[in-house]
Amino acid sequence: MPMSSIKPRTMPGVLELLPLDQIAFQGMLDTIRRNYERFGFLPVETPVMEFSEVLLTKSGGETERQVYFVQSTGALEQGGTPELALRFDLTVPLARYVAEHEHELSFPFRRYQIQRVYRGERAQRGRFREFYQCDIDVIGKDHLSIRYDAEMPAVIHSVFRELDIGPFQIQLNNRKLIRGFFEDLGIAEGERQMLVLREVDKLDKRGADAVRATLQGEGFGLPAEVVARIMDFVSTRSTGHDHALACLERLGRGNQTLAQGADELREVLTLVRAFGVPETHYALNFSIARGLDYYTGTVYETHLTDFPQIGSICSGGRYDNLASHYTKSKLPGVGISIGATRLFWQLREAKLIGTADSTVQVLVTQMDEADLPKYLELAGLLRSAGIPTEVQMEPRKLAKQFHYADRAGIRFVAVLGTDELAKGVVTIKDLRKQDQFEVARADLVKTLRVEIEQAAAMKGR
RNA sequence: GUGGGCGUAGCUCAGCUGGUUAGAGUACCGGAUUGUGAUUCCGGUUGUCGGGGGUUCGAAUCCCCUCGCUCACCCCA
(Lines give C-alpha, C1' and ligand atoms only; values in the text may rest on other atoms or scores of the structure.)
Protein backbone atom coordinates (compact mmCIF):
# COMPACT_ATOMS: atom_id res chain seq x y z
CA MET A 1 0.00 0.00 0.00
CA PRO A 2 1.44 3.38 -0.93
CA MET A 3 2.14 5.75 1.93
CA SER A 4 -0.35 8.31 0.64
CA SER A 5 -3.36 6.01 0.65
CA ILE A 6 -4.72 7.04 4.04
CA LYS A 7 -7.39 9.64 3.63
CA PRO A 8 -6.66 12.66 5.79
CA ARG A 9 -9.78 13.38 7.78
CA THR A 10 -11.05 14.38 11.20
CA MET A 11 -13.75 12.64 13.15
CA PRO A 12 -17.22 14.11 12.69
CA GLY A 13 -18.29 16.66 15.23
CA VAL A 14 -15.06 18.58 15.55
CA LEU A 15 -14.40 22.09 14.30
CA GLU A 16 -11.07 22.61 12.63
CA LEU A 17 -10.41 26.03 11.13
CA LEU A 18 -8.15 27.61 8.58
CA PRO A 19 -5.84 30.27 10.03
CA LEU A 20 -7.94 33.32 9.13
CA ASP A 21 -11.04 31.74 10.67
CA GLN A 22 -9.00 30.67 13.67
CA ILE A 23 -8.00 34.31 14.12
CA ALA A 24 -11.67 35.30 14.10
CA PHE A 25 -12.48 32.56 16.63
CA GLN A 26 -9.65 33.54 18.92
CA GLY A 27 -10.82 37.13 18.71
CA MET A 28 -14.16 35.94 20.04
CA LEU A 29 -12.55 34.03 22.90
CA ASP A 30 -10.39 37.07 23.69
CA THR A 31 -13.48 39.26 23.98
CA ILE A 32 -15.16 36.79 26.29
CA ARG A 33 -12.05 36.46 28.45
CA ARG A 34 -11.54 40.22 28.61
CA ASN A 35 -15.08 40.75 29.86
CA TYR A 36 -14.89 37.94 32.40
CA GLU A 37 -11.72 39.48 33.78
CA ARG A 38 -13.28 42.93 33.76
CA PHE A 39 -15.88 41.64 36.20
CA GLY A 40 -13.22 40.27 38.50
CA PHE A 41 -13.21 36.58 37.68
CA LEU A 42 -10.01 34.57 38.11
CA PRO A 43 -8.64 32.11 35.57
CA VAL A 44 -8.62 28.37 36.21
CA GLU A 45 -7.74 25.45 33.99
CA THR A 46 -8.34 21.81 34.84
CA PRO A 47 -7.06 18.68 33.11
CA VAL A 48 -8.98 17.44 30.14
CA MET A 49 -9.07 14.02 31.80
CA GLU A 50 -10.52 13.24 35.19
CA PHE A 51 -10.84 10.03 37.14
CA SER A 52 -14.00 8.30 35.99
CA GLU A 53 -15.29 8.03 39.55
CA VAL A 54 -14.95 11.78 39.95
CA LEU A 55 -16.63 12.57 36.67
CA LEU A 56 -19.48 10.10 36.83
CA THR A 57 -20.89 11.02 40.21
CA LYS A 58 -24.24 11.87 38.70
CA SER A 59 -24.22 8.59 36.77
CA GLY A 60 -27.42 9.23 34.93
CA GLY A 61 -27.80 6.78 32.06
CA GLU A 62 -27.52 9.56 29.52
CA THR A 63 -24.34 10.96 30.95
CA GLU A 64 -22.55 7.69 30.85
CA ARG A 65 -23.62 7.14 27.29
CA GLN A 66 -21.95 10.37 26.18
CA VAL A 67 -18.70 10.16 28.09
CA TYR A 68 -15.48 9.28 26.32
CA PHE A 69 -13.40 6.92 28.40
CA VAL A 70 -9.64 7.11 28.17
CA GLN A 71 -7.30 4.19 28.51
CA SER A 72 -3.62 3.67 27.85
CA THR A 73 -2.66 0.92 25.45
CA GLY A 74 -1.10 -1.03 28.28
CA ALA A 75 -4.21 -0.85 30.41
CA LEU A 76 -6.32 -1.78 27.42
CA GLU A 77 -4.29 -4.93 26.85
CA GLN A 78 -4.80 -5.98 30.44
CA GLY A 79 -8.56 -5.51 30.21
CA GLY A 80 -10.41 -3.85 33.04
CA THR A 81 -12.47 -0.70 33.07
CA PRO A 82 -10.94 2.66 32.14
CA GLU A 83 -10.19 4.73 35.18
CA LEU A 84 -10.03 7.98 33.22
CA ALA A 85 -12.58 9.89 31.17
CA LEU A 86 -12.76 13.16 29.23
CA ARG A 87 -14.67 15.95 30.92
CA PHE A 88 -18.07 16.63 29.38
CA ASP A 89 -18.50 20.06 30.95
CA LEU A 90 -16.59 22.46 33.18
CA THR A 91 -18.96 22.44 36.11
CA VAL A 92 -18.20 18.98 37.41
CA PRO A 93 -14.42 19.61 37.25
CA LEU A 94 -15.07 22.91 39.03
CA ALA A 95 -16.89 21.10 41.81
CA ARG A 96 -13.96 18.72 42.18
CA TYR A 97 -11.51 21.64 42.05
CA VAL A 98 -13.29 23.67 44.70
CA ALA A 99 -13.71 20.67 46.97
CA GLU A 100 -10.04 19.74 46.55
CA HIS A 101 -8.69 23.24 47.17
CA GLU A 102 -11.40 24.40 49.53
CA HIS A 103 -8.98 25.52 52.21
CA GLU A 104 -6.70 27.44 49.84
CA LEU A 105 -9.43 29.40 48.07
CA SER A 106 -11.06 32.63 49.10
CA PHE A 107 -14.83 32.67 49.10
CA PRO A 108 -16.89 33.80 47.35
CA PHE A 109 -14.70 32.11 44.75
CA ARG A 110 -15.08 33.72 41.36
CA ARG A 111 -13.50 31.76 38.56
CA TYR A 112 -13.63 31.76 34.80
CA GLN A 113 -12.61 28.83 32.65
CA ILE A 114 -12.32 28.64 28.88
CA GLN A 115 -11.52 25.12 27.74
CA ARG A 116 -12.68 22.33 25.51
CA VAL A 117 -15.11 19.63 26.62
CA TYR A 118 -16.10 16.33 25.02
CA ARG A 119 -19.41 14.63 24.42
CA GLY A 120 -20.01 11.46 22.50
CA GLU A 121 -23.15 12.59 20.75
CA ARG A 122 -24.22 11.54 17.33
CA ALA A 123 -22.98 14.33 15.11
CA GLN A 124 -25.62 16.77 14.06
CA ARG A 125 -25.75 20.14 12.40
CA GLY A 126 -24.17 22.72 14.69
CA ARG A 127 -23.50 20.22 17.44
CA PHE A 128 -20.06 19.11 18.33
CA ARG A 129 -18.27 16.32 20.10
CA GLU A 130 -15.39 18.58 21.00
CA PHE A 131 -16.19 22.18 21.81
CA TYR A 132 -15.23 25.17 23.88
CA GLN A 133 -17.16 26.20 26.93
CA CYS A 134 -16.55 29.60 28.47
CA ASP A 135 -17.80 29.46 32.04
CA ILE A 136 -17.96 31.78 34.98
CA ASP A 137 -19.20 30.75 38.38
CA VAL A 138 -19.36 32.32 41.79
CA ILE A 139 -19.12 29.77 44.57
CA GLY A 140 -20.02 30.66 48.13
CA LYS A 141 -19.25 28.86 51.34
CA ASP A 142 -22.40 27.85 53.25
CA HIS A 143 -24.23 30.79 51.74
CA LEU A 144 -24.22 32.90 48.58
CA SER A 145 -26.36 36.00 48.24
CA ILE A 146 -29.05 36.09 45.59
CA ARG A 147 -27.38 39.32 44.51
CA TYR A 148 -24.78 37.33 42.62
CA ASP A 149 -27.61 35.98 40.48
CA ALA A 150 -28.05 39.51 39.18
CA GLU A 151 -24.39 39.85 38.31
CA MET A 152 -24.61 37.11 35.69
CA PRO A 153 -26.88 39.03 33.31
CA ALA A 154 -24.60 42.03 33.74
CA VAL A 155 -21.63 39.97 32.53
CA ILE A 156 -23.67 38.44 29.70
CA HIS A 157 -24.73 41.89 28.58
CA SER A 158 -21.18 43.15 28.63
CA VAL A 159 -19.84 40.19 26.64
CA PHE A 160 -22.44 40.18 23.90
CA ARG A 161 -22.52 43.93 23.52
CA GLU A 162 -18.80 43.85 22.82
CA LEU A 163 -19.05 40.82 20.54
CA ASP A 164 -21.31 43.06 18.49
CA ILE A 165 -23.45 40.36 16.91
CA GLY A 166 -26.76 42.19 16.97
CA PRO A 167 -29.59 42.68 19.48
CA PHE A 168 -30.02 40.01 22.15
CA GLN A 169 -32.14 39.31 25.18
CA ILE A 170 -31.34 37.60 28.44
CA GLN A 171 -34.32 35.56 29.59
CA LEU A 172 -34.84 34.75 33.24
CA ASN A 173 -36.82 32.24 35.17
CA ASN A 174 -36.64 30.57 38.55
CA ARG A 175 -36.84 26.88 39.34
CA LYS A 176 -38.58 27.48 42.66
CA LEU A 177 -41.25 29.44 40.89
CA ILE A 178 -41.86 26.58 38.47
CA ARG A 179 -41.72 23.94 41.15
CA GLY A 180 -44.18 25.83 43.34
CA PHE A 181 -46.52 26.31 40.42
CA PHE A 182 -46.54 22.62 39.55
CA GLU A 183 -47.01 21.59 43.15
CA ASP A 184 -50.11 23.73 43.30
CA LEU A 185 -51.37 21.80 40.28
CA GLY A 186 -50.77 18.51 42.04
CA ILE A 187 -47.71 17.64 39.97
CA ALA A 188 -45.43 17.35 42.94
CA GLU A 189 -43.43 14.23 42.30
CA GLY A 190 -39.92 15.05 41.15
CA GLU A 191 -39.57 12.69 38.22
CA ARG A 192 -42.97 13.54 36.79
CA GLN A 193 -42.28 17.23 37.22
CA MET A 194 -39.02 16.83 35.31
CA LEU A 195 -40.83 15.16 32.43
CA VAL A 196 -43.38 17.93 32.22
CA LEU A 197 -40.65 20.56 32.44
CA ARG A 198 -38.67 18.90 29.70
CA GLU A 199 -41.72 19.06 27.49
CA VAL A 200 -42.49 22.65 28.39
CA ASP A 201 -38.91 23.62 27.70
CA LYS A 202 -39.56 22.76 24.04
CA LEU A 203 -42.33 25.33 23.80
CA ASP A 204 -40.42 27.75 21.60
CA LYS A 205 -39.05 24.94 19.48
CA ARG A 206 -42.11 22.76 18.90
CA GLY A 207 -44.88 25.30 19.31
CA ALA A 208 -47.75 25.56 21.81
CA ASP A 209 -50.10 23.16 20.04
CA ALA A 210 -47.59 20.32 19.91
CA VAL A 211 -46.69 20.71 23.57
CA ARG A 212 -50.36 20.91 24.59
CA ALA A 213 -51.12 17.75 22.62
CA THR A 214 -48.23 15.88 24.23
CA LEU A 215 -49.24 16.86 27.76
CA GLN A 216 -52.84 15.79 27.19
CA GLY A 217 -51.77 12.61 25.36
CA GLU A 218 -51.42 9.18 26.90
CA GLY A 219 -47.89 9.64 28.15
CA PHE A 220 -48.92 12.38 30.56
CA GLY A 221 -52.68 12.18 30.57
CA LEU A 222 -53.17 15.56 32.18
CA PRO A 223 -56.69 17.00 32.23
CA ALA A 224 -57.33 19.72 29.66
CA GLU A 225 -57.96 22.27 32.39
CA VAL A 226 -54.60 21.62 34.03
CA VAL A 227 -52.83 21.76 30.69
CA ALA A 228 -54.52 25.07 29.95
CA ARG A 229 -53.21 26.49 33.22
CA ILE A 230 -49.73 25.19 32.46
CA MET A 231 -49.76 26.69 28.98
CA ASP A 232 -50.98 29.99 30.33
CA PHE A 233 -48.22 30.04 32.92
CA VAL A 234 -45.32 29.01 30.69
CA SER A 235 -46.21 31.40 27.90
CA THR A 236 -45.51 34.34 30.21
CA ARG A 237 -43.00 36.70 28.60
CA SER A 238 -42.33 40.13 30.03
CA THR A 239 -41.92 43.12 27.77
CA GLY A 240 -40.14 45.53 30.07
CA HIS A 241 -38.98 45.99 33.62
CA ASP A 242 -42.29 47.14 35.09
CA HIS A 243 -44.19 44.53 33.15
CA ALA A 244 -41.84 41.85 34.50
CA LEU A 245 -42.66 42.92 38.06
CA ALA A 246 -46.35 42.93 37.17
CA CYS A 247 -46.10 39.38 35.85
CA LEU A 248 -44.74 38.29 39.22
CA GLU A 249 -47.45 40.22 41.04
CA ARG A 250 -50.15 38.57 38.97
CA LEU A 251 -49.11 35.11 40.21
CA GLY A 252 -50.52 35.85 43.66
CA ARG A 253 -48.93 34.24 46.68
CA GLY A 254 -49.57 30.58 45.89
CA ASN A 255 -47.54 28.19 47.99
CA GLN A 256 -44.35 29.08 49.79
CA THR A 257 -42.01 27.74 47.12
CA LEU A 258 -43.68 29.75 44.40
CA ALA A 259 -43.64 32.87 46.56
CA GLN A 260 -39.95 32.44 47.27
CA GLY A 261 -39.20 32.04 43.58
CA ALA A 262 -41.13 35.19 42.80
CA ASP A 263 -39.31 37.11 45.53
CA GLU A 264 -35.95 35.98 44.19
CA LEU A 265 -36.84 37.00 40.66
CA ARG A 266 -38.00 40.36 41.91
CA GLU A 267 -34.71 41.03 43.65
CA VAL A 268 -32.70 39.82 40.67
CA LEU A 269 -34.66 42.02 38.27
CA THR A 270 -34.17 45.05 40.46
CA LEU A 271 -30.43 44.55 40.68
CA VAL A 272 -30.02 43.68 37.01
CA ARG A 273 -31.41 47.10 36.29
CA ALA A 274 -29.10 48.64 38.88
CA PHE A 275 -26.17 46.93 37.13
CA GLY A 276 -27.08 49.07 34.16
CA VAL A 277 -28.44 46.40 31.88
CA PRO A 278 -31.01 48.11 29.62
CA GLU A 279 -34.53 46.76 30.16
CA THR A 280 -34.75 45.88 26.48
CA HIS A 281 -32.07 43.28 27.10
CA TYR A 282 -33.69 41.17 29.85
CA ALA A 283 -37.10 39.58 30.28
CA LEU A 284 -38.98 36.89 32.16
CA ASN A 285 -39.70 33.68 30.29
CA PHE A 286 -41.53 31.12 32.40
CA SER A 287 -40.94 28.27 29.97
CA ILE A 288 -37.20 28.16 30.58
CA ALA A 289 -36.35 25.18 32.73
CA ARG A 290 -32.93 24.03 31.47
CA GLY A 291 -32.29 20.33 31.42
CA LEU A 292 -29.81 20.45 34.26
CA ASP A 293 -31.11 18.65 37.30
CA TYR A 294 -28.94 20.61 39.65
CA TYR A 295 -30.35 24.07 39.04
CA THR A 296 -32.41 25.12 42.01
CA GLY A 297 -33.17 28.81 41.59
CA THR A 298 -32.56 31.43 38.92
CA VAL A 299 -32.03 30.11 35.40
CA TYR A 300 -30.88 32.05 32.34
CA GLU A 301 -30.92 31.79 28.61
CA THR A 302 -29.74 34.36 26.09
CA HIS A 303 -31.13 34.67 22.58
CA LEU A 304 -30.28 36.74 19.54
CA THR A 305 -33.39 38.75 18.68
CA ASP A 306 -32.89 38.51 14.92
CA PHE A 307 -31.90 34.85 14.92
CA PRO A 308 -34.30 32.93 17.17
CA GLN A 309 -33.52 29.72 15.33
CA ILE A 310 -30.02 29.77 16.76
CA GLY A 311 -31.46 29.09 20.20
CA SER A 312 -29.72 29.92 23.43
CA ILE A 313 -26.21 31.30 23.03
CA CYS A 314 -25.48 31.49 26.74
CA SER A 315 -27.19 29.75 29.61
CA GLY A 316 -26.79 28.97 33.25
CA GLY A 317 -28.31 29.21 36.66
CA ARG A 318 -28.16 28.88 40.41
CA TYR A 319 -27.46 25.67 42.27
CA ASP A 320 -27.74 25.02 46.00
CA ASN A 321 -24.83 22.73 46.49
CA LEU A 322 -22.11 22.33 43.93
CA ALA A 323 -19.84 19.72 45.41
CA SER A 324 -21.95 17.50 47.64
CA HIS A 325 -20.29 14.43 46.13
CA TYR A 326 -16.81 15.55 47.13
CA THR A 327 -17.15 17.45 50.40
CA LYS A 328 -19.45 17.87 53.36
CA SER A 329 -19.20 21.64 53.07
CA LYS A 330 -22.17 23.34 51.52
CA LEU A 331 -21.06 25.23 48.43
CA PRO A 332 -23.88 27.08 46.70
CA GLY A 333 -23.14 28.84 43.45
CA VAL A 334 -24.36 30.55 40.35
CA GLY A 335 -22.84 30.46 36.90
CA ILE A 336 -23.21 30.72 33.17
CA SER A 337 -21.67 29.06 30.18
CA ILE A 338 -21.11 30.15 26.60
CA GLY A 339 -20.70 27.33 24.09
CA ALA A 340 -18.15 29.16 21.99
CA THR A 341 -17.63 26.59 19.25
CA ARG A 342 -21.31 26.26 18.52
CA LEU A 343 -21.77 30.01 18.80
CA PHE A 344 -18.94 30.71 16.37
CA TRP A 345 -20.20 28.11 13.94
CA GLN A 346 -23.72 29.50 13.99
CA LEU A 347 -22.62 33.10 13.70
CA ARG A 348 -20.60 32.15 10.67
CA GLU A 349 -23.57 30.30 9.17
CA ALA A 350 -25.73 33.37 9.76
CA LYS A 351 -23.03 35.52 8.14
CA LEU A 352 -22.75 37.59 11.32
CA ILE A 353 -19.02 37.06 11.34
CA GLY A 354 -16.67 36.63 8.42
CA THR A 355 -13.13 35.62 7.82
CA ALA A 356 -10.65 37.79 9.68
CA ASP A 357 -7.63 39.61 8.32
CA SER A 358 -4.35 37.97 9.09
CA THR A 359 -2.62 38.94 12.29
CA VAL A 360 0.39 39.53 10.06
CA GLN A 361 0.15 43.18 9.04
CA VAL A 362 3.05 43.59 6.66
CA LEU A 363 4.91 41.50 4.12
CA VAL A 364 8.32 42.88 3.20
CA THR A 365 9.02 41.88 -0.39
CA GLN A 366 12.27 40.63 -1.78
CA MET A 367 13.36 42.63 -4.80
CA ASP A 368 17.00 41.60 -4.98
CA GLU A 369 18.40 38.64 -3.13
CA ALA A 370 21.57 40.59 -2.35
CA ASP A 371 19.54 43.15 -0.39
CA LEU A 372 18.01 40.58 1.97
CA PRO A 373 19.85 42.08 4.99
CA LYS A 374 18.14 45.41 4.26
CA TYR A 375 14.73 43.72 4.22
CA LEU A 376 15.49 42.00 7.50
CA GLU A 377 16.53 45.30 8.99
CA LEU A 378 13.30 46.91 7.83
CA ALA A 379 11.26 44.06 9.31
CA GLY A 380 13.17 44.45 12.57
CA LEU A 381 12.23 48.10 12.69
CA LEU A 382 8.55 47.29 12.21
CA ARG A 383 8.62 44.43 14.71
CA SER A 384 10.20 46.52 17.43
CA ALA A 385 7.35 48.95 16.87
CA GLY A 386 4.97 46.07 17.60
CA ILE A 387 3.83 45.57 14.01
CA PRO A 388 3.64 41.86 13.10
CA THR A 389 5.78 41.50 9.99
CA GLU A 390 6.81 38.73 7.65
CA VAL A 391 9.75 38.84 5.26
CA GLN A 392 9.85 37.19 1.85
CA MET A 393 12.87 34.95 2.40
CA GLU A 394 13.12 33.19 -0.95
CA PRO A 395 13.52 34.91 -4.30
CA ARG A 396 10.23 34.81 -6.16
CA LYS A 397 8.58 36.76 -8.89
CA LEU A 398 7.13 39.94 -7.43
CA ALA A 399 3.66 39.08 -8.70
CA LYS A 400 3.87 35.83 -6.73
CA GLN A 401 4.81 37.72 -3.62
CA PHE A 402 1.75 39.94 -3.92
CA HIS A 403 -0.40 36.94 -4.68
CA TYR A 404 0.90 35.22 -1.57
CA ALA A 405 0.18 38.25 0.63
CA ASP A 406 -3.33 38.49 -0.76
CA ARG A 407 -4.13 34.85 -0.19
CA ALA A 408 -2.63 34.86 3.26
CA GLY A 409 -4.80 37.84 4.21
CA ILE A 410 -1.84 40.17 4.78
CA ARG A 411 -3.09 43.63 4.08
CA PHE A 412 0.07 45.69 3.59
CA VAL A 413 3.05 44.98 1.37
CA ALA A 414 6.27 46.92 1.90
CA VAL A 415 8.46 47.32 -1.18
CA LEU A 416 12.09 48.29 -0.74
CA GLY A 417 13.66 48.23 -4.19
CA THR A 418 16.56 50.12 -5.72
CA ASP A 419 14.37 53.19 -6.32
CA GLU A 420 13.22 53.31 -2.73
CA LEU A 421 16.69 52.66 -1.35
CA ALA A 422 18.06 55.53 -3.42
CA LYS A 423 15.36 57.89 -2.20
CA GLY A 424 15.36 56.71 1.41
CA VAL A 425 11.68 55.75 1.26
CA VAL A 426 9.54 52.64 1.42
CA THR A 427 6.58 51.92 -0.87
CA ILE A 428 3.55 50.64 1.02
CA LYS A 429 0.71 49.02 -0.87
CA ASP A 430 -2.65 48.49 0.79
CA LEU A 431 -3.99 45.40 -0.97
CA ARG A 432 -7.50 45.96 0.27
CA LYS A 433 -7.72 49.57 -0.90
CA GLN A 434 -5.69 48.81 -4.03
CA ASP A 435 -3.73 51.89 -3.21
CA GLN A 436 -0.03 52.55 -2.76
CA PHE A 437 2.18 55.36 -1.60
CA GLU A 438 5.76 56.17 -0.76
CA VAL A 439 6.67 57.11 2.76
CA ALA A 440 9.94 58.40 4.18
CA ARG A 441 11.63 55.79 6.25
CA ALA A 442 11.55 57.99 9.33
CA ASP A 443 7.76 58.25 9.11
CA LEU A 444 7.17 54.61 8.23
CA VAL A 445 6.16 53.28 11.65
CA LYS A 446 3.94 56.22 12.44
CA THR A 447 2.19 56.09 9.08
CA LEU A 448 1.65 52.34 9.20
CA ARG A 449 0.21 52.53 12.69
CA VAL A 450 -2.36 55.02 11.48
CA GLU A 451 -3.19 52.85 8.47
CA ILE A 452 -3.57 49.72 10.57
CA GLU A 453 -5.74 51.50 13.08
CA GLN A 454 -7.97 52.83 10.32
CA ALA A 455 -8.22 49.39 8.76
CA ALA A 456 -9.29 47.91 12.10
CA ALA A 457 -11.87 50.66 12.62
CA MET A 458 -13.36 50.08 9.17
CA LYS A 459 -13.60 46.37 9.89
CA GLY A 460 -15.44 46.93 13.14
CA ARG A 461 -18.14 48.90 11.42
C1' G B 1 -29.76 4.02 21.01
C1' U B 2 -34.41 4.63 16.98
C1' G B 3 -35.86 6.18 12.03
C1' G B 4 -35.14 8.78 7.06
C1' G B 5 -31.72 10.75 3.09
C1' C B 6 -27.13 10.77 0.40
C1' G B 7 -22.12 8.72 -1.47
C1' U B 8 -18.97 10.78 -9.06
C1' A B 9 -12.15 15.64 -9.12
C1' G B 10 -9.78 19.34 -3.08
C1' C B 11 -15.09 21.81 -3.21
C1' U B 12 -20.32 22.28 -5.68
C1' C B 13 -22.51 19.12 -8.89
C1' A B 14 -24.08 16.94 -14.29
C1' G B 15 -24.15 12.08 -16.31
C1' C B 16 -31.95 10.48 -19.60
C1' U B 17 -34.95 4.43 -19.19
C1' G B 18 -27.38 0.14 -18.66
C1' G B 19 -23.71 1.33 -24.39
C1' U B 20 -17.11 3.93 -26.76
C1' U B 21 -11.06 6.75 -23.85
C1' A B 22 -16.45 9.75 -17.21
C1' G B 23 -17.91 15.71 -17.76
C1' A B 24 -18.81 21.10 -16.14
C1' G B 25 -17.98 25.06 -12.80
C1' U B 26 -14.76 26.35 -9.03
C1' A B 27 -10.10 25.76 -6.80
C1' C B 28 -4.98 24.77 -7.77
C1' C B 29 -0.40 25.18 -11.06
C1' G B 30 1.92 27.62 -15.42
C1' G B 31 1.90 31.50 -19.18
C1' A B 32 0.16 36.66 -21.50
C1' U B 33 8.00 42.01 -22.98
C1' U B 34 11.45 39.94 -16.05
C1' G B 35 8.73 46.47 -9.91
C1' U B 36 2.45 44.84 -8.25
C1' G B 37 -2.17 40.58 -5.95
C1' A B 38 -7.65 39.84 -6.31
C1' U B 39 -10.37 41.08 -11.89
C1' U B 40 -9.49 39.33 -17.82
C1' C B 41 -7.43 35.84 -21.64
C1' C B 42 -4.76 31.08 -22.92
C1' G B 43 -2.98 26.33 -21.35
C1' G B 44 -2.40 22.25 -17.76
C1' U B 45 -2.95 18.62 -13.39
C1' U B 46 -6.84 16.12 -10.70
C1' G B 47 -10.87 10.60 -10.09
C1' U B 48 -9.98 2.42 -7.94
C1' C B 49 -17.77 6.88 -9.88
C1' G B 50 -17.28 4.90 -1.13
C1' G B 51 -15.98 -0.71 -0.81
C1' G B 52 -17.34 -5.96 -1.89
C1' G B 53 -20.42 -9.35 -4.45
C1' G B 54 -24.31 -10.38 -8.16
C1' U B 55 -27.28 -9.79 -13.00
C1' U B 56 -25.40 -8.68 -18.15
C1' C B 57 -21.91 -9.18 -24.22
C1' G B 58 -21.37 -4.56 -21.42
C1' A B 59 -22.66 -1.35 -14.77
C1' A B 60 -21.29 5.36 -12.29
C1' U B 61 -26.37 3.64 -13.92
C1' C B 62 -30.12 -2.41 -11.94
C1' C B 63 -30.09 -5.97 -7.28
C1' C B 64 -27.86 -7.56 -2.45
C1' C B 65 -24.40 -6.75 1.49
C1' U B 66 -21.10 -3.47 3.88
C1' C B 67 -18.78 1.09 5.22
C1' G B 68 -18.96 6.28 5.51
C1' C B 69 -21.48 10.84 5.76
C1' U B 70 -25.88 13.47 6.89
C1' C B 71 -30.80 14.94 8.92
C1' A B 72 -34.61 14.10 12.58
C1' C B 73 -35.81 11.85 17.36
C1' C B 74 -33.71 10.66 22.31
C1' C B 75 -30.55 13.65 25.29
C1' C B 76 -27.88 18.01 26.05
C1' A B 77 -25.18 18.19 33.69
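Everything numeric here is computed off the predicted structure, so don't read it as measured data.
The gap from the C1' atom of B/rC57 to that of B/rC13 amounts to 32 Å, rounded to the nearest Å. Distance check on atom P: B/rC16 versus B/rC28 gives 31 Å, rounded to whole Å. Separating the P atom of B/rC41 from that of B/rU20 is a span of 32 Å, rounded to the nearest Å. Remark: the separation of the P atoms in B/rC62 and B/rU8 is 15 Å, to the nearest Å. The gap from the C1' atom of B/rG23 to that of B/rU61 amounts to 15 Å, rounded to the nearest Å. Nucleotides B/rC11 and B/rA27 have their P atoms positioned 15 Å apart, rounded to a whole Å. As rounded to the nearest Å, B/rG7 and B/rC49 have P atoms that lie 15 Å from one another. The same atom, C1', is picked in B/rA9 and in B/rC64; the two are 29 Å apart, to the nearest Å.
Between the side chains of A/E37 and A/Y112, at least one donor N or O lies within less than 3.5 Å of an accepting N or O. Looking at A/T46 and A/Q113, their side chains do bring a donor and an acceptor atom within 3.5 Å of each other. With hydrogens and angles left out, the side-chain atoms of A/Y295 and A/N173 include no donor and acceptor closer than 3.5 Å.
The base-pairing partner of B/rG3, taking Watson-Crick or G-U wobble contacts with both distances under 3.5 Å, is B/rC71. With a cut-off of 3.5 Å on both Watson-Crick or G-U wobble distances, the partner of B/rU36 is given as none. Remark: B/rU12 base-pairs with B/rA24. Criterion, Watson-Crick or G-U wobble with two distances under 3.5 Å.
Going from atom CZ of A/R342 over to atom P of B/rC76 covers 14 Å, rounded to whole Å. For the pair A/Y295 OH and B/rC76 C1', the interatomic distance rounds to 11 Å; values are reported in whole Å. Atom OH in A/Y404 sits about 13 Å away from atom P in B/rC29, given to the nearest Å. A/R396 has its CZ atom 14 Å from the C1' atom of B/rU36, to the nearest Å. Here the C1' atom of nucleotide B/rC75 and the CZ atom of A/R129 are 14 Å apart, to the nearest Å. Whole-Å rounding puts the A/R432 CZ to B/rU39 P distance at 15 Å. Look at CD on A/E199: it is 12 Å from P on B/rC76, rounded to the nearest Å. The CE-C1' distance, from A/M194 to B/rC76, rounds to 11 Å in whole Å.
Note on A/R407: a side-chain N or O is less than 4.0 Å away from OP1 or OP2 of B/rC28. Contact check, A/K202 against B/rC73: no side-chain N or O comes under 4.0 Å of OP1 or OP2.
Residue A/A405 is classed as having no contact, given no heavy-atom separation below 4.0 Å to the nucleic acid.
Position along RNA chain B of the nearest nucleotide to A/K429 versus A/K400 favours A/K400 as the more 5'-ward residue. Each of A/M11 and A/R119 was assigned the nucleotide of RNA chain B with the nearest heavy atom; the assignment lying further toward the 5' end belongs to A/M11.
Remark: A/E420 does not engage A/K374 in a salt bridge, criterion side-chain N to carboxylate O under 4.0 Å. Using a 4.0 Å cut-off between charged nitrogen and carboxylate oxygen, A/E102 and A/K141 count as a salt-bridge pair.
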Detail all sub-3.5 Å separations between protein N/O atoms and N/O atoms belonging to nucleotides 33-35 of chain B.
unit_1: B/rG35; atom_1: O6; unit_2: A/T418; atom_2: N; d: 3.4
unit_1: B/rG35; atom_1: O6; unit_2: A/D419; atom_2: N; d: 3.0
unit_1: B/rG35; atom_1: O6; unit_2: A/D419; atom_2: OD1; d: 3.4
unit_1: B/rG35; atom_1: O6; unit_2: A/D419; atom_2: OD2; d: 3.2
unit_1: B/rG35; atom_1: O6; unit_2: A/E420; atom_2: OE1; d: 3.4
unit_1: B/rG35; atom_1: N1; unit_2: A/E420; atom_2: OE1; d: 2.8
unit_1: B/rG35; atom_1: N1; unit_2: A/E420; atom_2: OE2; d: 3.1
unit_1: B/rG35; atom_1: N2; unit_2: A/E420; atom_2: OE2; d: 2.6

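Using a 4.5 Å heavy-atom cutoff, the side chains of A/R318 and A/L144 are in contact.
Ring-centre distance between A/Y132 and A/F25: below the 6.0 Å cut-off.
The OG1 atom of A/T214 sits 12.0 Å away from the CG atom of A/L195 when rounded to the nearest 0.5 Å.
A/T296 places a side-chain N or O within donor-acceptor distance of the main-chain N or O of A/D320, the cut-off being under 3.5 Å.
If you check B/rA38, B/rC75, B/rU36 against the side chain of A/H403, the one that comes closest is B/rA38. For A/R127, the side-chain atoms get nearest to B/rC76 when compared with the rest of B/rA38, B/rU36, B/rC76. The A/Q434 side chain lies nearest to B/rG37 when the options are B/rG31, B/rG37, B/rC75.
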